[in-house]
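The shown structure was predicted, so the numbers you read here are calculated from the model rather than taken from an experiment. Atom set for the values below is all heavy atoms of this structure, side chains included, hydrogens, waters and symmetry mates excluded.
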Amino acid sequence: MTIGGYTVQDDPTNSQKQPRRKRHLLLRIDSWIDSTVWNLGFRLGEIWEEITIFFRRFRVRGWKKAVFELAGEAMTLGTAGAVVLLALAMPAFEETKEDWRNRGDFAVTFLDRYGNTIGHRGIIHEDSVPIDELPDHLIKAVLATEDRRFFDHFGIDFFGLARAMNENAKAGGVVQGGSTLTQQLAKNLFLTNERSFERKIKEAFLALWLEANLSKKEILAYYLDRAYMGGGTFGAAAASQFYFGKNITEVNLAESAMLAGLFKAPAKYAPHVNLPAARARANEVLTNLVQGGMMSEGQVIGARRSPASVIDRAEVKAPDYFLDWAFDEVQRLAKTGKVKERSVIVRTTLDMGLQQAAEAAVESSLREYGESYRSKQGALVLVENGGAVRAMVGGRDYGESQFNRATRALRQPGSSFKLYTYAAAMEKGFTPESVVSDAPVTWRGWSPQNYGRSYKGRVTLMTAMSQSYNTVPVRLAKDELGTERIAQLAKDMGIETPLRTDKTIPLGTSEVTVLDQATAYAVMPAGGLQSRRHGIAQVVGYGGDVLYDFQRDEPPPRRVLSEQATSSMNRILTNIPYNGTARRAALDGVLTAGKTGTSQSYRDAWFVGFTGNYTAAVWFGNDDYTPMNNMTGGSLPAMTFKKLMDYAHQGIELKPIPGIENPFPESEQKKDAVVAEKPEGEEALPPLVRPRSMSAESTRVLRRIADQLKAAAPLLPATAKVADSTVTGAVEATPVAAPVR
């Protein structure tokens, strides 16, 4: 080392001391870690030994050990089960985040397209009565029949559930329910009538939530206000006015018993439909009052001897499924700020003649063939081309189940979903004459097969869709389109239900609603423009102000499918009812288009079709997803479509389907169509006949006048002031009407 020009040698002892110090430091650290870990392990061992010694005091032997072992396992499994059930119930709790208390704070009077009253919705329409002002015998009748231990349980009554299971076991069937009044309210407020284990789980958790957030009096009040009571009425107050013509505070014991009997099955026991059944049910309610210790036999004997009588009402069936959907639409408009008043009159798009025909078509089909096909439910939506919903059938009986299968049931569309795959192909440049191979295809380990497990080789897209080959749309999706493009086009055309984009989507495995299908197919007769489905034409306040008008307040339809693609698809779809799988759907003298659909194991059967005037989607199946007896979309759904469409096209001006050279075929063109055959010995029901109210020419004239009136300038009042110089003061202004143009 050099310092100040002199060279100095390093001290070797210094260089040796530094490595020694490092080694000593590392040894100390290693020693500390080793001793700390050892001491920690030793201490933990001592603690564990102390715990073991402590719990030895509680050690049991013999039969007691088996009991404790089982109890421990039960607690473990119970905790795990509770976590799983809670996870399943979490989606239901999302409903409670909304303003559910004010869902019914609308007073809505619904009119059909012609201005006739068709129903009401909303709680305040009938001036809900406070629970303290209701008759004592009405409260007792409801509790004695629906939930005797209402004030003793916390939302779930295990004693009542055990009793119901015992009674059902004795009877060999379901004769008594175990749901509490709180559980029923949870179903009415947040859930549907769908019979499934998942719904029961949600119902139980929501019942606990209601008990934690509401008092018993509030729960009872909500239950009496929100329950369906038959005849299109909701709540005891509305039912009292409808059946007895009196305020709910004025009903006697016999009338209270009849009202309390409606909660179980309003359609079955509605007194204006079946008075003997309603009186028999009321007598059971009186017996429940005595058995429950709420009244004596002497107190109810008068009601037994003098049962309630009801107002004689003509049985006019309200379109309740449509009204529920329209009421939801009113609330949606209120949330967006388009409707700011709470008491309104709504002119809907519903045509009661078509509605009754639609209900008759579904019901007659199920009565004729439902048992042989093992189908118990059906749904239908009819849309006039332009987007107006003219008819909606959400199920066979609204009284038995208010679950709307037309708007809320998610079912697999099967081959009827192929429309979107082929439409996407047409947008990419394919034509109906394009040739694709119908041969075995494998996509990511999946190998779909055709219905008959046979293949035709090279076929045109026209033939492939008409005969509903499965391999062709899968091959198109795999090689040309991709599933994302198909799902996006379906969404653009009107499918509002979220779609899965897995490899099976071309064959319709992603669930949709009946309303979705009707909306999307209506794009085809609209020439590729959005169909803009809607059930509300106008919302008017009681002061006469037009709060909402669909034509005024909604944007014009945008194009979702090119004219060329629409024309190509219409050529294919109009071929299917005559040369394809939907021959039972072809109408006489009216060009028909559409597509059949059948899901796996025959759980769903569809036909979605259209003419130049109307589009209809028809579905048949079972609520519990049990398979049907080989029902395909070309059988009962196609036949039901024809029943309704034959009725709907009587006496109207026919419109063409865009892109078709011969839009008005003669009746002979349907000569090859297959007609439904009735089993031997059974008489076919007569076809639906639409009553003629006026000629087609008169209808055209009136529509032309209506259009001219809409386009005319409004009448503005003019004011003429008259003054007289010889008279003191001014003379009152006199209005003078403007000349009529």
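Both the sub-6.0 Å distance and the 45° axial angle are satisfied by R411 relative to the ring of Y625. Because its NZ or CZ atom is both nearer than 6.0 Å to the ring centre of F150 and within 45° of the ring axis, K216 counts as a cation-pi partner of that residue.
Taking OG of S375 as the reference point, atom CG of N629 lies at 10.5 Å (rounded to 0.5 Å). Interatomic distance, OG of S364 versus NZ of K643, reported as 3.0 Å (0.5 Å rounding). Note that CG of L224 and CE of M229 are 8.0 Å apart. Values are rounded to the nearest 0.5 Å. With rounding to the nearest 0.5 angstrom, the CZ atom of R396 is 7.0 Å from the CD atom of Q377. Put simply, OG1 on T626 and CZ on R374 are 8.5 Å apart, with the number rounded to the nearest 0.5 Å. Atoms CD and OG, on E255 and S309 in that order, are 8.5 Å from each other to the nearest 0.5 Å.
Salt bridge R533/E496: present, at least one basic N to carboxylate O contact under 4.0 Å. In summary, E400 and K268 do not engage in a salt bridge, as defined by a charged side-chain N under 4.0 Å from a carboxylate O. Ion pairing of R347 with D112 is absent here, as no side-chain N (NZ or NE/NH1/NH2) approaches a carboxylate O to less than 4.0 Å. Residues R121 and D328 are not paired through a salt bridge, judged by the lack of any N-O separation under 4.0 Å between the basic side chain and the carboxylate. Between E384 and R390 there is a salt bridge, since a side-chain N of the basic residue sits under 4.0 Å from a carboxylate O of the acidic one.
A search for ring pair (Phe, Tyr, Trp, His ring centres under 6.0 Å) contacts involving Y228 returns F234, Y398, not counting sequence neighbours. Contacts of Y602 classified as ring pair (Phe, Tyr, Trp, His ring centres under 6.0 Å), with partners at least two apart in sequence or in another chain: none.
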Does F154 form a side-chain contact (heavy atoms from CB on, under 4.5 Å) with T180? I'd like the steps, not just the answer.
CA-CA 10 Å; F154 52 89; T180 64; over 6 Å; no
Between S365 and F620, does the side-chain contact (heavy atoms from CB on, under 4.5 Å) criterion hold? Intermediate values first, please.
CA-CA 10 Å; S365 294; F620 285 100; 4.1 Å; yes
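Using modelled atom types, no side-chain atom of S240 and backbone atom of A237 make a donor-acceptor pair closer than 3.5 Å. Checking side-chain atoms of R113 against main-chain N and O of T348 turns up no donor-acceptor pair under 3.5 Å. Proximity of a side-chain donor or acceptor of Q299 to a complementary backbone N or O of S296 within less than 3.5 Å is detected.
Taking the six-membered ring for Trp and the full ring otherwise, the centers of Y223 and F263 sit less than 6.0 Å from each other. Taking the ring centroids of H272 and Y243, they lie under the 6.0 Å cut-off.
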Which pairs of donor and acceptor atoms, one on a side chain in residues 129-142, lie under 3.5 Å apart (sequence neighbours left out)?
unit_1: D132; atom_1: OD1; unit_2: K217; atom_2: NZ; d: 3.3
unit_1: D136; atom_1: OD2; unit_2: K140; atom_2: NZ; d: 3.1
unit_1: H137; atom_1: ND1; unit_2: S256; atom_2: OG; d: 2.8
unit_1: H137; atom_1: NE2; unit_2: V251; atom_2: O; d: 3.4

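Taking the six-membered ring where tryptophan is involved, the planes of Y548 and F550 are perpendicular, since the angle between them exceeds 60° and thus also 30°.
In terms of heavy atoms, Q517 sits closest to P413 at NE2-CB, 3.6 Å.
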